[in-house]
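These notes concern the structure reproduced below.
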Amino acid sequence: MNTLLKPIAKQDLLIRMSIDPCWSPEIKNGPFQQMVKLIGDESLLDVNIAALHAERRGRWLQILAQVKPIYQKTFLYLGDNEEFVDDVIFQTFLSSNFLWEAEYSLPHPLGYGRGIEKATPFIYFLRSQSEVLLKKILELAELEYAIFKAAYHLPSKQPSGMEDKLYISPAATLMSVKNDVLNIWEGKEILESPSDVYYMISPTGRNFRLTEEIFMFLQSFSNGREIGSLTERERKILNTALGLRALCEDPSELESRLLKHP
C-alpha cells in the first residue's frame, strides 16, 4: 500500500474517482482500492464501471469547458475539439496535484475561497510540461492567463502616488517572452523575436509592448519599491502605470483590510 496516502472523506473519494483516470476502481491495487482499504469501506468497490466511464467523460468535458474559453488561442495548438479530453496532456492534468490542491488556484473575488476557477491549476500544469510543449505555446498560455487574471481580480483602490512604497498589482502582469505571442491577438502570426519582447497586461483591459528600460523599471516594484527618489522620467512612467492600475499598496495589507472590514 502507498504509505503516502492519507484518509479522505468518502464524498471526496467518490469525486476523485469520478474525474481522475488514475483513481479508477478497476485498477488493481491502484490509489482508489488502497484508499478504500485505508478507510475500511470495501462496499465502495461495487461500482458500475460502464456507468462510471460515461459519467467521468461528462465531467472531463465540464472541466474542459471551464478552461478552454480562457485559453482559446492556446487550444488552437493543443487541440481544438472535445477529443482533447483523451489526449495524454489533458489526462495527465486530470491526475495532477495542480487540479486537486486548492493552493494552485486564486481566491475567489467574492470571498468564496480557493479551488473554484480552473485557469490557475491549468497554467501551473502547463508550466510543469515545459519539456514537452513548444515554448511559444507556453508563452501564449501565459499571456492568456495574465489576461484572465487581470479580469478575475477585483480592482484594487488606485494609489494616490503619495505612498512611501508601491508594488505590482496582483491583477497586473509583466512578461518577457521569446515569441511575440501578442501578435495572435492582433490577427498576425506568432514570430520568434531575435531579442526578448516585453509586455504589460493591465487590470484596465489594455495590453502593452514595453521597452526593456520601462519593463525593468516596473519590474523593480515586484517586491515593493520606495518612490521618494525617482527621476523625472521615472515619475512619468510611474504616473502612467498608476493610471493603468498596474501598481498598488502592499497587497498583503490590502487583503488584511478586506478581511477585517467586509
Subject >> Over 12 non-hydrogen atoms of neighbours within 6.0 angstrom of CG in N81 >> reply: yes
Original post:
Taking all non-hydrogen atoms of both residues, which atom of P203 and which atom of S169 are closest, and how far apart?
Top reply: CG-OG, 4.2 Å
**OP:** Verify the distance criterion only: is there a donor paired with an acceptor across the side chains of S220 and R225 at less than 3.5 Å?
**Re:** yes
Original post:
Does atom CD of E186 have more than 12 heavy-atom neighbours from other groups under 6.0 Å away?
Top reply: yes
**OP:** Answer yes or no: is there a donor N or O on one side and an acceptor on the other, between the side chain of W100 and the main chain of L94, under 3.5 Å?
**Re:** yes
**OP:** Decide yes or no on side chain to side chain contact (heavy atoms under 4.5 Å, CB included) for E26 and H53, but give the supporting numbers first.
**Re:** CA-CA 11 Å; E26 71 269 29; H53 286 181; 3.1 Å; yes
Subject >> Validation row: D87, L78 side chains within 4.5 angstrom (heavy atoms) >> reply: no
Subject >> From CA spacing to verdict: side chain to side chain contact (heavy atoms under 4.5 Å, CB included), L230, I237 >> reply: CA-CA 10 Å; L230 299 180; I237 299 171; over 6 Å; no
Subject >> Flag, side chain of Y124 to backbone of N97, donor-acceptor distance under 3.5 Å >> reply: no
**OP:** Working to the nearest 0.5 Å, report the span between CG of L106 and OG1 of T120.
**Re:** 3.5 Å
**OP:** Indicate the atoms forming the closest heavy-atom contact of L64 with P69, along with that distance.
**Re:** O-CD, 4.2 Å
**OP:** Report the residue from T240, L218, T173 that forms a side chain to side chain contact (heavy atoms under 4.5 Å, CB included) with M200.
**Re:** L218
Original post:
Which pair of non-hydrogen atoms, one from R16 and one from S95, has the smallest distance, and what is that distance?
Top reply: NH2-O, 3.8 Å
Subject >> Whether E249 side chain and L166 backbone form a donor-acceptor pair below 3.5 Å >> reply: no
Subject >> Verify same cluster id: L134, L191 (apolar side-chain graph, 4.5 Å) >> reply: no
**OP:** Could you tell me the separation between the CD1 atom of I89 and the CZ atom of F84, rounded to the nearest 0.5 Å?
**Re:** 5.0 Å
Original post:
Under 4.5 Å between side-chain heavy atoms, hopping through other hydrophobics if needed: is there a path connecting I27 to V36?
Top reply: no
Original post:
So K73 and E142, salt bridge (Lys or Arg N to Asp or Glu O under 4.0 Å) or not? Walk me through it.
Top reply: CA-CA 11 Å; K73 305 296 185 183; E142 291 283 3; over 6 Å; no
**OP:** Heavy atoms only: give me the nearest V181-L140 pair and the separation to one decimal.
**Re:** CG1-N, 3.7 Å
Subject >> Closest non-hydrogen atom pair, S24 against F32 >> reply: O-CB, 4.0 Å
Subject >> Over 12 foreign heavy atoms within 6.0 Å of CZ, R233 >> reply: no
**OP:** Fit a plane to each ring of Y71 and Y145, take the angle between them on a 0 to 90° scale, and name the class: parallel (under 30°), tilted (30 to 60°) or perpendicular (over 60°).
**Re:** parallel
Subject >> Atom CD of Q129: over 12 foreign heavy atoms under 6.0 Å >> reply: yes
Original post:
Run the side chain to side chain contact (heavy atoms under 4.5 Å, CB included) check on F208 and I214 step by step: do they pass?
Top reply: CA-CA 11 Å; F208 301 88; I214 294 176; over 6 Å; no
Original post:
Hey, what do you get for CH2 (W23) to CZ (R56), rounding to the nearest 0.5 Å?
Top reply: 12.0 Å
Original post:
For D20, does its backbone N or O pair with a side-chain atom of R59 as donor and acceptor, under 3.5 Å?
Top reply: no
Original post:
Which of these passes side-chain hydrogen bond (donor to acceptor under 3.5 Å, both in side chains) with T74: E144, K136, E139?
Top reply: E144
Subject >> In one Ile/Leu/Val/Met/Phe/Trp/Tyr side-chain cluster, 4.5 Å: F125, L61 >> reply: yes
Subject >> Transitive ILVMFWY side-chain link V132 to V67, under 4.5 Å >> reply: no
Original post:
Any idea how F217 and F221 line up, ring-wise: parallel (<30°), tilted (30 to 60°), or perpendicular (>60°)?
Top reply: perpendicular
**OP:** Following the transitive rule for hydrophobic clusters with a side-chain heavy-atom cut-off under 4.5 Å over Ile, Leu, Val, Met, Phe, Trp and Tyr, establish whether M175 and Y167 coincide in one cluster.
**Re:** no
Subject >> CA sep, side-chain torsions, deciding dist, call: Y77, I190, side chain to side chain contact (heavy atoms under 4.5 Å, CB included) >> reply: CA-CA 12 Å; Y77 295 89; I190 295 177; 3.6 Å; yes
Subject >> Parallel, tilted or perpendicular: ring planes of F122 versus F90, cut at 30 and 60 degrees >> reply: tilted
Original post:
How long is the gap from OH on Y104 to CD on E117, to the nearest 0.5 Å?
Top reply: 14.0 Å
Subject >> Check: K118 main-chain N/O paired with Q66 side-chain donor or acceptor under 3.5 Å >> reply: no
Original post:
CG/D80 to NZ/K68 distance, rounded to the nearest 0.5 angstrom?
Top reply: 4.0 Å
**OP:** Could you pull out the closest heavy-atom pair between L126 and A141, with the gap in Å?
**Re:** CD1-CB, 3.7 Å
Subject >> Reported CZ-to-CD1 distance for the pair R206 and I201, which is rounded to 0.5 angstrom >> reply: 12.5 Å
